[in-house]
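Beneath this line is the structure, given in C-alpha cells, with notes to follow.
Side chains are part of it too, since the values below use all heavy atoms of this structure and drop only hydrogens, waters and symmetry mates. Just so it is clear, the model here is predicted, and its values are computed rather than measured.
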Protein chains: 2
Amino acid sequence: MKTLKIPEATIIRLSVYSRYLYMADKRGIVTISSGDIADGVGVSPAQVRKDLAYFGEFGTRGVGYNVKDLHRHILKILGLSNIWHVALVGLGNLGLALSSYKGFRERGFCICSIFDTDPEKVGTIVNDVVVEHIDRLEEVVDERGAQIGIIAVPAGFAQEVADRLIKAGVKAILNFAPVVLNVPPEIELRNVDLAVHLEVLTFNLALQK
Amino acid sequence: MKTLKIPEATIIRLSVYSRYLYMADKRGIVTISSGDIADGVGVSPAQVRKDLAYFGEFGTRGVGYNVKDLHRHILKILGLSNIWHVALVGLGNLGLALSSYKGFRERGFCICSIFDTDPEKVGTIVNDVVVEHIDRLEEVVDERGAQIGIIAVPAGFAQEVADRLIKAGVKAILNFAPVVLNVPPEIELRNVDLAVHLEVLTFNLALQK
DNA sequence: TATTCTTTGTGATATAATTAACTATGTAAT
DNA sequence: ATTACATAGTTAATTATATCACAAAGAATA
C-alpha cells in the first residue's frame, strides 16, 4: 500500500463509496463503473478513479469494478477489516446516543467500555456494557486494550479526559466537546462540533439574502 | 459584505475562532492578536488574518483585534445575529441527544418542532417542545416557519423526510442518516456521518502500522 | 517629532486538490 | 479477425487553498 499523503477528503469519500458499494451488493449488482458510483454519491467519475488510484488498480478497463472486490478493498484501506475497541467517556444524552448508534457496530466498531461520574449510571448496563466510574478509566482502558476514545463530556472536562485516555494507551480520539484539545502529534484527533455544521448552513443562508 | 467564494474551511474556522473569542471575552481579555487566536485554536496567524480578510478589516495594526467587536462581527458573518428555527425529525437516541444539546441553544438555534412516528412519543413534551406526528410535518413546519431541518431518522426514510421538509419550506438540511440525499441545488445540505469520522481515524491508525 | 516596535492587511508564491483530456485495455458485435 | 465501443488508469491543466514575506499603520518611547 503506497501512502504518499492522501487527502483527507479522499478518505471521507472512500467511506461514502464503501457504503454505496455495500448497498449495490445487497441489490445484487455484480459490476459497477466509476460513473455509476459517481452518480450514486454525487461526485465526478474522475474523482472516484483518482481516489482509488492512490491505493492501486482495482478495476478492469472497458468493464468497471467488481462490487464485492472493491468493497472489500476499500474496507481494508480504511482499516475496517478488523474490529476496533472504542472507549466512550461521558454518558449524557449524546453519549447514550453514541453508545447505541448502530452505524458504529455495522462498521466494526465495538464500544466495549463506557465511563461516567454519575453514581446513578455507574454500574448499570447500557447496550450490554457495564458503565464504569471515570476513576477507573486508565485501569480499564489499558486492561481491555481500547485503541480509540470518544469524548462526550462537557467542554470543561474534555482536556483532562483526553490526557487520561492517552496515558491509558489510546491512539486516537474522537472529540465531541466544543473545545480545542491539546494532544501529542502521534495521537490521531478528530473534532465533531455539531453546532459548527449548523453554522455553515446559516452562513450560506445568510449569504442568499 | 463582499462574498467572492469563501472556502468552507474558512467558515468552519470562523466558527472555532468565535468560540475562542467568547471564552477570551469571559476571561476579561479586551484585545487579542492573530497570533493569540492562532495559538489558541491551532492554526497559523496568517491563516487567521486571511480568513478575516475575506470579510473586511476588523483590527488595528500594531494592536490587534478588540475581542468583543471581532466576536460580534464573526457571529454576524455566520448569520448568528438572529435566532434560527430548527425542525428535528426523528426522536431516537440521536434525535433525543440533539434536542437537548446545549451547544445549539447557546449559538442561537431553537429546536422548536420535533417529529416522530412512535405513538408513545407523539404528544409528549421533550425539552419544552411538544412532539408532533410526522404526518403533520408540512403543516407544522410551514406554520412555524422553520428554516432548517435536522434529519435523525433511519437511512431508509431520510430521502422522504428531506423531500417533505423542502416542500414545507425548509431552506437547509442537516442530515445524520448515513445516506446520500438528493435535494435541489438551492437547498443547503450538510451530512454528518458519525461512522465516517471514526473511519478517518482508523485509516490513519492502519497507516501507522 | 523622530524612531522603534508591533501587528495587521495583502500581494506574491507555493502547495494541494480537482477536473479534464488522453491513452491503454478489455468486451462485444460484425 | 476486425472494428466499434466502453471504461479504467494516468498525465496535464486548472482551480482552490494555504503559506510566506513585506509594506502600511498605529502605539509607545525617547
>> Any carboxylate oxygen within less than 4.0 angstrom of a Lys/Arg side-chain nitrogen, looking at A/R144 and A/E132?
In response: yes
> Residues in side chain to side chain contact (heavy atoms under 4.5 Å, CB included) with A/V180, at least two apart?
Replying inline: B/V16, B/V41
>> Looking at A/K102 and A/E106, is any side-chain nitrogen of the basic one under 4.0 Å from a carboxylate oxygen of the acidic one?
In response: no
>> Check this one for me: any side-chain N or O of B/Y65 less than 4.0 Å away from OP1 or OP2 of C/dG9?
In response: yes
>> Less than 4.0 angstrom from a charged side-chain N to a carboxylate O is my criterion; do A/R49 and A/E57 meet it?
In response: no
> Which of residues 30-41 of chain B sit near DNA chain D, with a heavy atom under 4.0 Å from it?
Replying inline: none
> How would nucleotides 25-30 of chain D be written as a contact map, 5' to 3', with B for base contact, S for sugar-phosphate-only contact and - for no contact, using protein heavy atoms under 4.0 Å?
Replying inline: BSS---
>> With side chain to side chain contact (heavy atoms under 4.5 Å, CB included) as the criterion, how do A/I173 and A/E188 come out once you've worked through the C-alpha distance, each side chain's angles and the decisive distance to 0.1 Å?
In response: CA-CA 6 Å; A/I173 291 177; A/E188 295 295 327; over 6 Å; no
> Partners of B/F104 by ring pair (Phe, Tyr, Trp, His ring centres under 6.0 Å), sequence neighbours excluded?
Replying inline: B/Y101
>> Using the ring pair (Phe, Tyr, Trp, His ring centres under 6.0 Å) criterion, which residues pair with A/H73? Sequence neighbours excluded.
In response: A/F58
>> Please list all pairs meeting side chain to side chain donor-acceptor pair (under 3.5 Å) that have one or both residues in residues 59-68 of chain A, counting only residues at least two apart or in different chains.
In response: A/D25-A/K68
>> Applying salt bridge (charged side-chain N to carboxylate O under 4.0 Å, His left out) as the test, list every pair that has at least one member in residues 147-161 of chain B; sequence neighbours left out.
In response: B/E160-B/R164
> Can you tell if the side chain of A/S15 reaches within under 4.5 Å of the side chain of A/L78, non-hydrogen atoms only?
Replying inline: yes
> Between D/dT17 atom P and B/I12 atom CD1, what is the distance in whole Å?
Replying inline: 11 Å
>> So if I take residues 179-191 of chain B and measure heavy-atom distances to DNA chain C, which residues fall below 4.0 Å?
In response: none
>> Among residues at least two apart in sequence or on other chains, which ones pass side chain to side chain contact (heavy atoms under 4.5 Å, CB included) with A/H71?
In response: A/S18, A/L21, A/Y22, A/L75
>> Rounded to whole Å, how long is the line connecting atom NE2 of A/H73 with atom C1' of D/dA8?
In response: 14 Å
> With the sugar-phosphate defined as primed atoms, P, OP1 and OP2, and the base as all remaining atoms, what B/S/- string results for nucleotides 16-21 of chain C, 5' to 3', for protein heavy atoms under 4.0 Å?
Replying inline: -SBBBB
> According to the side chain to side chain donor-acceptor pair (under 3.5 Å) rule, which pairs have a member within residues 172-183 of chain B, sequence neighbours left out?
Replying inline: B/N175-B/N191
>> Under the rule for side chain to side chain donor-acceptor pair (under 3.5 Å), what residues qualify as partners of A/K167, not counting sequence neighbours?
In response: none
